[in-house]
2 protein chains.
Amino acid sequence: MQNSFTEENYLKIIHALSGRDGLEVSTNALAESTSTRAASVTDMLRKLAEKGLIHYKKYQGVRLTESGEKVAINVIRKHRLWEVFLVEKLGFGWDEVHDIAEELEHIPSDHLVERLDSFLGHPRFDPHGDPIPDAKGNLTEPDYLILTDVEIGEKVRMMGVLDHAPSFLQHLDRAGITLGCILEIKEINEYDKSASVQIEDKQTLFISLEVSKNLLVQRR
Amino acid sequence: MQNSFTEENYLKIIHALSGRDGLEVSTNALAESTSTRAASVTDMLRKLAEKGLIHYKKYQGVRLTESGEKVAINVIRKHRLWEVFLVEKLGFGWDEVHDIAEELEHIPSDHLVERLDSFLGHPRFDPHGDPIPDAKGNLTEPDYLILTDVEIGEKVRMMGVLDHAPSFLQHLDRAGITLGCILEIKEINEYDKSASVQIEDKQTLFISLEVSKNLLVQRR
DNA sequence: AAAAAAATTTAGACCAACCTAAAAATTGAT
DNA sequence: ATCAATTTTTAGGTTGGTCTAAATTTTTTT
């Protein structure tokens, strides 16, 4: 039996919300993330449980089963591969691709995904730095730091973002902060916790705490 | 207001069935083509008429309005561009791409279509020889001949197919008949109307009437 | 530990897209 | 021109995914 567009979205969102430890996700959190009401979520959870895609006991929250996990990771794989396509091949900006990939991720065809993967040269990361699961469903989250955890004087490489909102990504574009660039923390402003950061040994600029919280980096 | 996947399919099929003269399409023909029942078609026709996408009077068949035509042609444009992508970039065979393109054609984003079109180098024809409408919605059907209309001794170029069934396309592959190849009609067999055809000045083979009826060619 | 608050589920309804069965309109044959 | 066959529409029902309002369970506060 095939999973619908909607079912795939629920599974993807449950995966995202349960984090790497696979903890329970609440009905309300799902209602928030799916932009539906809690009652609708309950209906869907009953259906997903019947299909063996989630572990669900009333009032107890929800976890993916192994087979649900597989479906979710496949959707994530497709989403991220299509994002690479849109940016690398079609020339979209990293701030423009999320909604389109959200549609493309539900196109069903294993054959298509594998050919797309080859065509793109088996990329390991999408344009936002998120890791792309392999064809077998292995998804290894690299353990990046958040910029707020970096000490003054350290040099780090920009590896990804936590927020994918176009406005945030456009802000980074304007600041010249791109994936892979080198950042050095010069100082932390006591007053508002903003950081003075030198980018690529060139200009220094202030990064607000809000922005720092959403930047993933790696020590070097 | 956005058109649904299903609505787009109805419009596309009405376009195909009404031919270049835009004649009336019957409810039964649509039921056949959409693999639904006539009653379901009637429901949908009422809806499409309310949206101003078709001209519909009870018992009188149906025609696209100008705005319906625009939607249909846009779907066709997307379908054919995606087919080019699948064959030219991903390496699919022309017999494998129809069903996948059937899904991709409903991805909504004008921006995406135009970038895809550029990426592919503004192709004029899809892998089956069907013309690709331009961004403004101009679709000009070249007036090809059907192979059955070609006289003995004539040389023609293979330009397209009427049937897109995988089994038919695979048959052409096995016979070495590809888009653009040169065919010379050597003789017509009286008994079964099959044709002896020489391909690219090389081997000669028999083409059944059934096959001939589905081959589009051009005199040269 | 009881009461209040919050989260979740149930009950009953709606819309899109489909169905079957029956009724109505059109077409075609004599 | 009438009657039979065919086509099309109407009536009423189903399923997937959503909703609101009310009921229930869990959690938090006092």
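These numbers come from a predicted model, not from an experiment. In the text below, chain A, chain B and the rest are named by the order of the sequence lines, each starting its count at 1.
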Whole-Å distance separating the CG atom of Asn3(B) from the P atom of dA16(C): 13 Å

Ion pair present between Lys51(B) and Glu7(B), side-chain N to carboxylate O less than 4.0 angstrom? yes

To the nearest Å, give me how far apart CD (Glu32(A)) and P (dA7(C)) are. 11 Å

Are the aromatic rings of His98(B) and His79(B) close, with centres under 6.0 Å apart? yes

Does Lys89(A) count as lying over the ring of Phe119(A), i.e. NZ or CZ under 6.0 Å from the six-ring centre, within 45 degrees of the axis? yes

Quick check for you: among dC18(C), dT18(D), dC19(C), whose closest atom lies nearest to any side-chain atom of Tyr10(A)? dT18(D)

Sorted by number, residues from residues 48-55 of chain A placing a heavy atom under 4.0 Å from DNA chain D are none

Between Phe85(A) and Phe92(A), does the ring centre distance come in under 6.0 Å? no

Do Glu102(A) and Lys12(A) meet the salt-bridge criterion of a basic N to acidic O distance under 4.0 Å? yes

What integer distance in Å separates His106(A):NE2 from dG16(D):C1'? 16 Å

Ignoring hydrogens, what is the shortest heavy-atom contact between Asp163(B) and Leu169(B)? Give both atom names and the distance. O-CD2, 4.1 Å

Figure out the CD/P separation between Glu24(B) and dT8(D), and round it to whole Å. 12 Å

Under a 4.5 Å cut-off applied to non-hydrogen side-chain atoms, are Val161(A) and Phe168(A) in contact? yes

Treat primed atoms plus P, OP1 and OP2 as sugar-phosphate and everything else as base, then score nucleotides 8-15 of chain C 5' to 3': B for base contact with protein heavy atoms under 4.0 Å, S for sugar-phosphate contact only, - for none. BBB-----

On the nucleotide dC18(C), are OP1 or OP2 found under 4.0 Å from the side-chain N or O atoms that Arg37(B) carries? no

Mind calculating the distance between CG (Asn9(A)) and P (dG16(D)) to the nearest angstrom? 18 Å

Geometric class of the Phe5(A)/His106(A) ring pair [parallel <30°, tilted 30-60°, perpendicular >60°]: tilted

